[in-house]
Amino acid sequence: MSQVRVRFAPSPTGFFHIGSARTALFNWLYARHTGGVFVLRIEDTDAARNSEEFLRVIYDSLSWLGLNWDEGPKVGACGGGELGPYRQSERGAIYKDYVGRLLSAGRAYEKDGAVWFRLLGDRHEVFDEHKKKTVTKVKTAPVVINDLIRGRVERAEDEDFVIVRSDGSPVFHLVNVVDDIAMNITHVIRGEDHLSNTSKHVALYEGFGVTPPAFAHIPLILKQNGPGKMSKRDQGALIEEYQRRGFRPEALVNFLCLLGWNPGDDREKMPIADIIRLFDLPGVNQSNARFDEKKLAHMNMSYLLELPAEKFVAAAREFFQRQAVPTVVPAALAADAAYFREVILLCQPKIKGIEELPAYTANFFAEDFSIDAKAREKVMAKGDPSARLRELAGALATADFSSDLALEETIKVMAAARGLGFGDYQPVARLALSGTNVGPPITGMMRVLGRERVLARLGRFVV
RNA sequence: GUCCCCAUCGUCUAGCCCGGUCAGGACACCACCCUUUCACGGUGAGAACCGGGGUUCGAAUCCCCGUGGGGACGCCA
């Protein structure tokens, strides 16, 4: 068989939905797995709802996820191709030509100013409960779809349908099929919500005298709470949201792959190259999957943890730069780059997401941090914190601040001399230094803050 | 209302096609360990074959019915 050609055909509505992302991803994976071509086609027939800005959302989201397209609108290194234009708003003449063929073959007719596709079979009038009106039903031979994921599906289309509106604009079913024919699409991989439409599409293929492509209907993503499929209004539905929150795209991609597909063994976290190698349509599940943000968050953390230092620092800086104006951010960005780097790397192993960073690191960039009342109460309730603080300040006055280990040693020696341990100093030191009882290792904090600031904070802290 | 798809722990899933395993893993939850706080990590516990009929020596696995969930029935895409 010739080269696989798949397509992703989003509509620029201003949102890039997580379900769309997975459809794009599965198409892309199949293209990469088979050495085929991934086509991006923009379904922007609804002129009123489209804009260049909305197109950007699509391009940005796909690029961020790493789903590069071989043919389609030219954006950066992506796009191009001989079978364009790849925006439906620019393909009017092609649709007109295809509709003309149907008209002259008697497979389409005009009624009420619109063009209708004519089904083949006996006709009779019947009252439709759902539409609350009398319609003309057509007794057609059932269409058989050999779905690559679902197997044999049979469905009979039973009413003629509009393919060109009375205002002259072509309808989705028509343009979809025409473009798939014109762009030599071999495999249509799309959401299960289109399974019922497929009988219409197959009828159109037959009308054009073209063998339909292979179909693969992937399961839907259901909202995590409540009934129904995920919609753009649901929590966690938008790709831009994850991008904005500093998620790792590779984590989101990995997570999305696992919604309805698996490598056949227990592996979950895996490099994209492995996924490409293992991915195949028959391995895709048939049942819908419920979205689980906790599992995604865990996957993201896992990727964050292993991110190389410079990439992590860059991701953090980028995230800080995009923040609206929380008080700590300007200070953090104004800070010395080397210092910023030290702070961020100190916190990398401790956080679950990039978005925690501003709050988590706030006390590194400002001296006027507040003291957490609960933490204070806890610390003050045990031992003699005020004495510990004085002793600590004394020891640190001459300590070596160049390494965590040296600091730890200094504190341990000083503690041992008094029959105490590191743990007797850690809580109060943390409270005085950061105002909380959580954070990165205390010696690391001291090293990064430096002697001067550490002593100042210890001295300033009132017991 | 009509049509289509689906059905294993709370969630994502392996196992199903080619019937025989203590029904496995991950997230979440709980306990313990590690520990310098908080995390990470480690160990362990609890947790599922939707129901009913068949077929069979034997059914999560094959068949039928029911129930439940999802989707489609636009001059939206």
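So that the names make sense, note that chain A is the first sequence line, chain B the second, and so on, each numbered from 1.
When the P atom is used for both C64(B) and C17(B), the distance is 15 Å, rounded to whole Å. Taking atom P on both nucleotides, A26(B) is separated from G53(B) by 36 Å, rounded to a whole Å. Look at the P atom in both G66(B) and G24(B): the space between them is 33 Å, to the nearest Å. One P atom belongs to G44(B), the other to G25(B), and the distance between them is 10 Å to the nearest Å. Nucleotides A59(B) and A23(B) have their C1' atoms positioned 13 Å apart, rounded to a whole Å.
Counting non-hydrogen atoms under 4.0 angstrom, Leu220(A) reaches the backbone sugars and phosphates but no base. Within 4.0 Å of His217(A), counting heavy atoms only, lies no atom of the nucleic acid at all. Among the protein residues, Pro441(A) comes within range of the nucleic acid bases, having at least one heavy atom under 4.0 Å from a base atom. When heavy atoms are screened at a 4.0 angstrom cut-off, Ser169(A) is found touching no nucleic acid atom at all. Among the heavy atoms of the strands lying under 4.0 Å from Glu408(A) is at least one base atom, whether or not backbone atoms are also near. At the heavy-atom level, Gly228(A) lies under 4.0 Å from the strands shown only through sugar-phosphate atoms. Here Ser166(A) lies in heavy-atom contact (under 4.0 Å) with a base. Among the atoms of the strands shown, base atoms are found under 4.0 Å from some heavy atom of Pro440(A). Within 4.0 Å (heavy atoms only), Arg430(A) reaches at least one base atom of the nucleic acid. Residue contacts shown for Gly423(A) are absent, as no nucleic acid heavy atom lies under 4.0 Å away. At a threshold of 4.0 angstrom between heavy atoms, the contacts of Gly113(A) with the nucleic acid are absent.
Put simply, the residue from Glu293(A), Glu356(A), Glu240(A), Glu355(A) that forms a salt bridge (Lys or Arg N to Asp or Glu O under 4.0 Å) with Arg245(A) is Glu355(A).
Remark: C29(B) base-pairs with no nucleotide; criterion is Watson-Crick or G-U wobble with both hydrogen-bond distances under 3.5 Å. Base pairing annotation: A7(B) forms a Watson-Crick or G-U wobble pair with U67(B), both donor-acceptor distances under 3.5 Å. As the counterpart of G58(B), no nucleotide is assigned, since no Watson-Crick or G-U wobble pattern has both distances under 3.5 Å. The partner of C73(B), taking Watson-Crick or G-U wobble pairs whose two distances both stay under 3.5 Å, is G1(B).
The side-chain hydrogen bond (donor to acceptor under 3.5 Å, both in side chains) search around Lys137(A) returns Asp158(A), Glu159(A), not counting sequence neighbours. Evaluation of the side-chain hydrogen bond (donor to acceptor under 3.5 Å, both in side chains) rule for His173(A) yields His201(A) as partners, not counting sequence neighbours. Listed by chain and residue number, nothing satisfies the ring pair (Phe, Tyr, Trp, His ring centres under 6.0 Å) test with Phe15(A) (two or more places apart in sequence, or in another chain). Not a single ring pair (Phe, Tyr, Trp, His ring centres under 6.0 Å) links Tyr95(A) to another residue, sequence neighbours left out. Not a single side-chain hydrogen bond (donor to acceptor under 3.5 Å, both in side chains) links Arg107(A) to another residue, sequence neighbours left out. Scored by the ring pair (Phe, Tyr, Trp, His ring centres under 6.0 Å) test, Phe117(A) finds Phe161(A) as partners (sequence neighbours excluded). Not counting sequence neighbours, the partners of Thr198(A) by the side-chain hydrogen bond (donor to acceptor under 3.5 Å, both in side chains) test are Arg190(A), His217(A).
For Arg101(A) and Tyr98(A), the positive end sits near the middle of the six-membered ring, less than 6.0 Å away and at most 45° from its axis. At least one test fails for Arg277(A) against the ring of Phe279(A): distance under 6.0 Å to the centre or angle within 45° of the axis.
For the pair Glu159(A) CD and C4(B) P, the interatomic distance rounds to 16 Å; values are reported in whole Å. Atom CZ of Phe161(A) and atom P of A72(B) are 17 Å apart (whole Å). We find that CE of Met299(A) is positioned 14 Å from C1' of U11(B), with the value rounded to whole Å. Straight-line distance from the CG atom of Leu345(A) to the P atom of C40(B): 20 Å, rounded to whole Å. Atoms CD1 (Ile218(A)) and P (G70(B)) sit 19 Å apart, rounded to a whole Å.
Nearest heavy-atom pair, His17(A) versus Ile239(A), reported as atom, atom and distance to 0.1 Å: O-CG1, 4.1 Å.
Residues Pro349(A) and Asp193(A) each lie close to RNA chain B; by heavy-atom proximity, the contact nearer the 5' end of the strand is made by Pro349(A). When each of Lys412(A) and Gly226(A) is assigned the nucleotide of RNA chain B with its nearest heavy atom, Lys412(A) is the one assigned upstream, toward the 5' end.
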Could you list the protein-to-nucleotides 14-17 of chain B atom pairs, N/O on both sides, closer than 3.5 Å?
| unit_1 | atom_1 | unit_2 | atom_2 | d |
| --- | --- | --- | --- | --- |
| A14(B) | OP1 | Asn262(A) | ND2 | 2.8 |
| A14(B) | OP1 | Asn285(A) | ND2 | 3.1 |

Please list, for nucleotides 64-68 of chain B, all pairs of protein and nucleotide N/O atoms separated by less than 3.5 Å.
none

Give me the distances for all protein-to-nucleotides 27-30 of chain B N/O pairs that come in under 3.5 Å?
| unit_1 | atom_1 | unit_2 | atom_2 | d |
| --- | --- | --- | --- | --- |
| C27(B) | OP1 | His298(A) | NE2 | 3.4 |
| C27(B) | O2' | Lys295(A) | N | 3.3 |

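The glycosidic torsion of C5(B) lies more than 90° away from 0, placing the base in the anti range.
Counting only residues at least two apart or in different chains, salt bridge (Lys or Arg N to Asp or Glu O under 4.0 Å) contacts with residues 418-437 of chain A comprise Glu391(A)-Arg418(A).
Checking the phosphate oxygens (OP1, OP2) of C5(B), no side-chain nitrogen or oxygen of Arg152(A) falls inside 4.0 Å. At least one side-chain nitrogen or oxygen of Gln286(A) sits closer than 4.0 Å to the OP1 or OP2 atom of C6(B).
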Which pairs would a plain distance check flag for residues 296-303 of chain A, meaning a side-chain donor or acceptor within less than 3.5 Å of a matching protein atom at least two apart in sequence or in another chain?
| unit_1 | atom_1 | unit_2 | atom_2 | d |
| --- | --- | --- | --- | --- |
| Asn300(A) | OD1 | Arg248(A) | N | 2.9 |
| Ser302(A) | OG | Lys269(A) | NZ | 3.0 |
| Tyr303(A) | OH | Asn254(A) | OD1 | 2.5 |
| Tyr303(A) | OH | Met270(A) | O | 3.4 |

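In this structure, the nucleotide among C75(B), G71(B), A77(B) sitting nearest to the side chain of Asn197(A) is A77(B).
Taking 4.5 Å as the limit, every side-chain heavy atom of Leu40(A) sits out of range of all side-chain heavy atoms of Tyr86(A).
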